[in-house]
Amino acid sequence: MPQCLVVDDSAVMRRIARSMLEKLGFDCTEAADGAQAVEAVRQHAPDVILLDWEMPVLDGFGALTALRAEPWGRAPRIVMCTTLSDMERIVAALEAGADEYVMKPYDQEILADKLRAVGVLD
Amino acid sequence: MTAAALATIRDVVQRRSGIAMAADKDYLVAARLEPLLPQLGVATTVALADRIGRQNDARLAMLVTDALTTNETLWFRDGRPFDLLRDVVVPDILERRAAERELRFWSAACSTGQEPYSLAILLAEDTARLAGWRWRILGTDLSATAVARAREARYSQFEVQRGLSAHRLIKHFSKDGEAWRLKEALRAAVELREANLLSLPPLGPFDAVMCRNVLIYFDVPTKRAVLDAVAARLRPGGWLLLGAAETTLGITSAFTPHPEHRGLYRRA
């Protein structure tokens, strides 16, 4: 079963994402900020991370940069999520090593499509 | 909605579009038309049926047909047909049209433009093989509203995510207020016009046609008429891509199925 780490400071958003991901056959763990996310990745080595942008402590972009700087055997795929659909943000996320970008609110079909695109869902 | 009103609406839509709406889709008729009643200027679906039936209101009939036949669509829909275009169809056309160095595609029933523009993206990215080639895409649809939207090439945040990768989004679109707009170079490569598959104007000839998820709505004689009309607009040996649930077998001999790839046909 593929593992997904859901990173969002909103418990409601985590629950929504988790429910969609579990329907798609993912085993989920959660983190509430970027620092927790980096720690969770070290512990659980998920296949994919759904990473929110706006978060306290360490934001999604900071976590993305930190994660991409780590020496992985097999790097997790990273899908960045935000309510903002600025061109600059998407470009910045992709340049910093994100694999995909998904805009909130989540849509089950689009989420599935993005997970397929990064190769963690058939 | 009464049975008589439903029958009238089904009849008008079938005459205008050729699409036979099954009785088990009745819920769809009500669900799509009822929210539109205020803007259509009628109070009830019964009054609407009277206007387009007995009173023969052509403008209203067009709007109703639009509302009932315009389907949502997505980028690179189903993936595989676009892989077939890239891996089978384009290499074949490149060989056969080497003298002219020109490719012509037709997206029949293109709805709001995602299919012809996906094809444009695919071809624009194929710079190694297509350097020095001219290519043009025609998109047609029955719905004037859909064609107008396709020409505009502006898509909501929701629409651009459906099937389009983030990399392709930032490469081929620019942000336009709350929406995203396909860049000019790709818009210019795609011509869009209204056309009814049941009464096609002279078009083409094309090297390949995508006509996907349309035939499923037609009865067999209509399927045959549409396929024959499409064949007449293809070059000999030209390609046809159909939807997953569609076939030419048992309907017309104008096409031969590809021996390996389902959904891919060649003009006989």
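Numbers restart at 1 for each chain; the letters A, B, ... are given by sequence-line order, proteins then strands.
- Taking 4.5 Å as the limit, every side-chain heavy atom of B/R86 sits out of range of all side-chain heavy atoms of B/E125.
- In this structure, the side chains of B/C211 and B/L240 come closer than 4.5 Å at one or more pairs of heavy atoms.
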Can you list every donor-acceptor pair under 3.5 Å that links chain B to chain A?
from: B/Q157; atom 1: OE1; to: A/S85; atom 2: OG; distance (Å): 3.0
from: B/Q161; atom 1: OE1; to: A/M103; atom 2: N; distance (Å): 2.7
from: B/R162; atom 1: NH2; to: A/E109; atom 2: OE2; distance (Å): 2.4
from: B/G163; atom 1: N; to: A/D113; atom 2: OD2; distance (Å): 3.1
from: B/L164; atom 1: O; to: A/K114; atom 2: NZ; distance (Å): 2.9
from: B/A166; atom 1: N; to: A/E100; atom 2: OE1; distance (Å): 3.2
from: B/A166; atom 1: N; to: A/E100; atom 2: OE2; distance (Å): 3.0
from: B/K175; atom 1: NZ; to: A/S85; atom 2: OG; distance (Å): 2.9

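- Applying the ring pair (Phe, Tyr, Trp, His ring centres under 6.0 Å) rule to pairs touching residues 105-142 of chain B yields B/W106-B/F206, sequence neighbours excluded.
- Taking 4.0 Å as the cut-off between side-chain N and carboxylate O, B/R212 and B/E246 do not count as a salt-bridged pair.
- The main-chain N or O of B/V13 is found under 3.5 Å from a side-chain atom of B/S17 such that the two form a donor-acceptor pair.
- Proximity to chain B involves both the backbone and the side chain of A/V102, based on heavy atoms less than 4.5 angstrom apart.
- Put simply, the side chain of B/H261 never gets that close to the backbone of B/L264: no donor and acceptor are under 3.5 Å apart.
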